[in-house]
J.: 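Pasting in a structure now, in structure tokens, and then I'll have a few things to ask.
The sequence lines fix the lettering, A, B, ..., with proteins before strands; numbering per chain opens at 1.
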Amino acid sequence: MPQERNELNVKRNQTEPSALPGLSPMSKNQVMDLAMDLGKFLLKSGAETSRVEDTMMRFCRSYGYYDLNVFCTPTVIILGDESPVGKSRVFRVRWRSTDLGLIMDVNRFSYNFRQWNMTYEEAKHWLQERLALSHPYGDPVLCVAAGIGSACFCMLLGGDLYDFTGAFLTGFLAMACLKMMNNFHPTPFWENFIAGLIIGVVTQVCHLVQPECTVENMAVGALMPFLPGLAFTTGVRDYMAGDLLSGNSRIAEAALFALSIAIGLAFAMKAWTWGGLP
Amino acid sequence: MTIHYVTAFLFAFLATVAFGILFQGPKRILWLSGIIGGLGWIVFIVLKDALSIRSFSANFLATVVVALISEIFARIWKEPVSVFEIPAIIPLVPGLGMYQGMRYILNDYANFGSEALMGAALDACSIALGIMMVSGILRALKTGRDIARQRDWERPYHRVCM
């Protein structure tokens with residue numbers, strides 16, 4: 001019976017993988033390699049888990065490998081093969097940073113690779129080239145951006161020109177200290193703790209030097225660049241996509257970061273009063 | 001009054017652009033997310049100050065506006081939604097409530113402090129709720145289309161196997 005034979009072949013799933021029309025076929029190892037690269041870039045630049053899984057699955061399936069499966073949490077990517085002779089790959093992500101530009105470009109790749117129709121070497125080369133262009137803004141730009149963000153947020157809460165200047169100084173100094181500390185590879189908790197500490201000290205000093213500066217406005221403005229808005233948003237979007245595991249861990253991450261900043265700031269303010277300073 | 005809103009928009013715009021730079025966003029989308037952030041903040045202060053709506057609902061509605069505009073921009077410019085949404089949400093994050101709550105608790109006013117912290121947590125929840133609603137509804141629409149497309153993809157495979 002022809003129909004039965006068809007079903008059998010579909011179930012085994014490993015007879016002859018067929019790429020989509022317009023795509024040159026690739027071996028399974030090459031497809032896994034490229035899919036793993038895409039996943040790594042996305043997860044390391046702070047994309048949602050569902051986006052990582054979706055991109056990798058699309059890539060594998062459009063080359064006809066329906067037996068490849070992806071499991072992804074914020075700390076690990078597993079690309080597994082369902083067939084008994086298959087290999088699987090694991091990538092452990094320890095350090096994540098944020099790079100919206102890389103997310104956008106990988107997204108563009110995953111929408112357009114069918115039209116571009118690259119070979120394995122070309123695609124690998126494209127990805128490597130894009131990786132070299134990641135993190136376009138250097139540390140000085142980031143410090144100034146943190147300062148401006150703090151200052152503008154302080155103005156939104158109703159500060160005046162003194163608060164603007166103080167908040168700019170505070171945000172700038174806190175981010176600069178973080179960037180200087182980067183070589184020691186502190187854990188995220190200590191990073192945020194020290195940011196909170198510096199914010200507390202600098203705002204109090206500003207208030208001491210120029211009493212017109214309000215501590216509250218400056219501190220809230222300068223806290224803003226360090227609050228985990230990204231982790232929070234991606235966590236909620238992960239929940240909505242049904243990835244409960246990664247949603248939980250991202251929300252927990254956000255709560256931990258917020259808590260560590262608060263602890264740092266509270267420590268600075270309490271220590272200031274212990275010293276008998278106003 | 002108008003001047004007040006214009007300056008508020010300007011500062012929210014600048015703050016959002018600065019946060020976009022902090023998140024390493026490319027230059028061509030910075031101003032778009034800045035506009036979204038400014039609009040979200042304007043909606044928030046109009047609701048909160050002019051119409052004196054509670055902070056929870058104001059946050060929720062402002063977040064819905066931000067998420068909807070980001071979804072529309074994402075469809076127009078063919079970029080991921082989160083690229084626009086993540087910097088634009090930032091001005092709404094309740095930093096002031098968190099700071100005040102912590103300050104009260106440090107100064108031994110635990111009841112004021114817990115009230116302020118609870119308000120901040122509720123605001124954060126309302127932001128989460130806004131993102132959830134918009135992205136959930138739009139994802140449901142998109143998933144239906146995706147399933148149809150996946151069936152299209154599977155067709156050539158079956159054909160070859162026969």
J.: Identify the heavy atoms of I21(B) and A145(A) that sit nearest to each other, and give their distance.
T.: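 Taking I21(B) first and A145(A) second, the nearest heavy atoms are CG2-CB, 3.8 Å.
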
J.: Any idea which heavy atoms bring M104(A) and P26(B) closest together, and the distance?
T.: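 Closest approach of M104(A) to P26(B), heavy atoms only: SD-CG, 3.6 Å.
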
J.: Does any heavy atom of chain A fall under 4.5 Å from the side chain of L129(B), the backbone, both, or neither of them?
T.: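 Contact with chain A: none, neither part.
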
J.: Check each atom of V106(A) against the heavy atoms of chain B and say whether the ones under 4.5 Å are side chain, backbone, both or neither.
T.: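 No part of V106(A) comes within 4.5 Å of chain B.
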
J.: Calculate, to the nearest 0.5 Å, the distance between atoms CG and CZ belonging to L96(B) and F153(A) respectively.
T.: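 The CZ atom of F153(A) is 8.0 Å from CG of L96(B), to the nearest 0.5 Å.
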
J.: Do M224(A) and P91(B) come within less than 4.5 Å of each other through their side chains, counting heavy atoms only?
T.: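 No. Closest side-chain heavy atoms not under 4.5 Å.
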
J.: Going by heavy atoms in the side chains, are M132(B) and R237(A) under 4.5 Å from each other?
T.: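 M132(B) does not reach R237(A) side chain to side chain.
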
J.: Between E48(A), H135(A), R108(A), who has the most heavy-atom pairs with chain B when the cutoff is under 4.5 Å?
T.: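 The option with the most such pairs is H135(A).
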
J.: Can you measure from CZ (F232(A)) to CD1 (I127(B)) and round to the nearest 0.5 angstrom?
T.: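 Going from the CZ atom of F232(A) to the CD1 atom of I127(B) covers 6.5 Å.
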
J.: For the residue pair A262(A) and M102(B), what are the closest heavy atoms and their distance?
T.: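 What the structure gives for the nearest pair is O-SD, 3.4 Å.
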
J.: Could you state the interatomic distance from CD (Q24(B)) to OG (S97(A)), rounded to the nearest 0.5 Å?
T.: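 These two atoms lie 7.5 Å from each other.
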
J.: What distance separates I199(A) CD1 from Y99(B) OH, expressed to the nearest 0.5 Å?
T.: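 Nearest 0.5 Å value for the CD1-OH distance: 10.5 Å.
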
J.: Among residues at least two apart in sequence or on other chains, which ones pass ring-ring contact (aromatic ring centres under 6.0 Å, His included) with Y137(A)?
T.: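 Per chain and number, Y137(A) pairs via ring-ring contact (aromatic ring centres under 6.0 Å, His included) with no residue.
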
J.: I'd like to verify something: which residue of A146(A), G235(A), A151(A) has the highest number of heavy-atom pairs under 4.5 Å with chain B?
T.: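 So the answer, after comparing A146(A), G235(A), A151(A), is A146(A).
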
J.: Under 4.5 Å from any heavy atom of chain A, what part of F23(B) do you find: side chain, backbone, both or neither?
T.: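 Both parts, backbone and side chain.
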
J.: Please indicate whether Y5(B) has more than 12 foreign heavy atoms, meaning atoms of other residues, nucleotides or ligands, lying under 6.0 Å from its OH.
T.: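 Correct, the count exceeds 12.
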
J.: Does F9(B) have more than 12 heavy atoms from other residues, nucleotides or ligands lying within 6.0 Å of its CZ?
T.: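 Yes, because the 6.0 Å sphere around CZ of F9(B) holds more than 12 heavy atoms from other groups.
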
J.: Given that the side chain runs from C-beta out, which part of D99(A) has a heavy atom under 4.5 Å from chain B: side chain, backbone, both or neither?
T.: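 Both parts, backbone and side chain.
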
J.: If the threshold is 4.0 Å, N to carboxylate O, is there a salt bridge linking D105(A) and R28(B)?
T.: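 Here D105(A) pairs with R28(B) in a salt bridge, since their nearest N and O are under 4.0 Å apart.
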
J.: Would you compute the distance between atom CG of L138(B) and atom CE of M240(A) and round it to the nearest 0.5 angstrom?
T.: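 Reported to 0.5 Å precision, the distance equals 11.0 Å.
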
J.: Hey, which of G147(A), G149(A), S150(A), P225(A) has the most heavy atom pairs under 4.5 Å with chain B?
T.: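 Result: the option with the highest number of such pairs is P225(A).
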
J.: May I ask you to name which of G136(B), A8(B), S82(B), P87(B) has the most heavy-atom pairs under 4.5 Å with chain A?
T.: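 With the most close heavy-atom pairs to chain A, the winner is S82(B).
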
J.: For S110(A), is it the side chain, the backbone, both or neither that has a heavy atom under 4.5 Å from a heavy atom of chain B?
T.: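 No part of it gets close to chain B.
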
J.: Per the side-chain contact (heavy atoms from CB on, under 4.5 Å) rule, which among L227(A), I261(A), L223(A), L265(A) passes with M98(B)?
T.: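 The residue from L227(A), I261(A), L223(A), L265(A) that satisfies side-chain contact (heavy atoms from CB on, under 4.5 Å) with M98(B) turns out to be L227(A).
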
J.: Looking at F267(A), I'd like to know if its CZ atom is crowded, meaning that more than 12 non-hydrogen atoms belonging to other residues, nucleotides or ligands lie closer than 6.0 Å.
T.: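 Atom CZ in F267(A) is not crowded, with 12 or fewer foreign heavy atoms closer than 6.0 Å.
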
J.: Between V81(B) and chain A, with a heavy-atom cut-off of 4.5 Å, which part of the residue counts as in contact: side chain, backbone, both or neither?
T.: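 Looking at V81(B), backbone and side chain both touch chain A.
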
J.: For I76(B), look at atom CD1 and say whether over 12 heavy atoms of other residues, nucleotides or ligands are found less than 6.0 Å away.
T.: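 Yes, enclosed.
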
J.: Pick from T233(A), N107(A), V144(A), L102(A): which one has the most heavy-atom pairs with chain B under 4.5 Å?
T.: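 Between T233(A), N107(A), V144(A), L102(A), the count favours N107(A).
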
J.: Check each atom of L30(B) against the heavy atoms of chain A and say whether the ones under 4.5 Å are side chain, backbone, both or neither.
T.: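 Side chain only.
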
J.: Taking the basic N atoms (NZ, or NE/NH1/NH2) and the acidic carboxylate oxygens, is any pair closer than 4.0 Å for E216(A) and R103(B)?
T.: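 Answer for the salt bridge query: no.
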
J.: So for F164(A), is it side chain, backbone, both, or neither that comes closer than 4.5 Å to the heavy atoms of chain B?
T.: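 Side chain of F164(A) only, per the 4.5 Å heavy-atom cut-off to chain B.
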
J.: Measure the CG-NZ distance between L106(B) and K270(A) for me, rounded to the nearest 0.5 Å.
T.: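 Between L106(B) CG and K270(A) NZ, I get 5.5 Å after rounding to 0.5 Å.
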
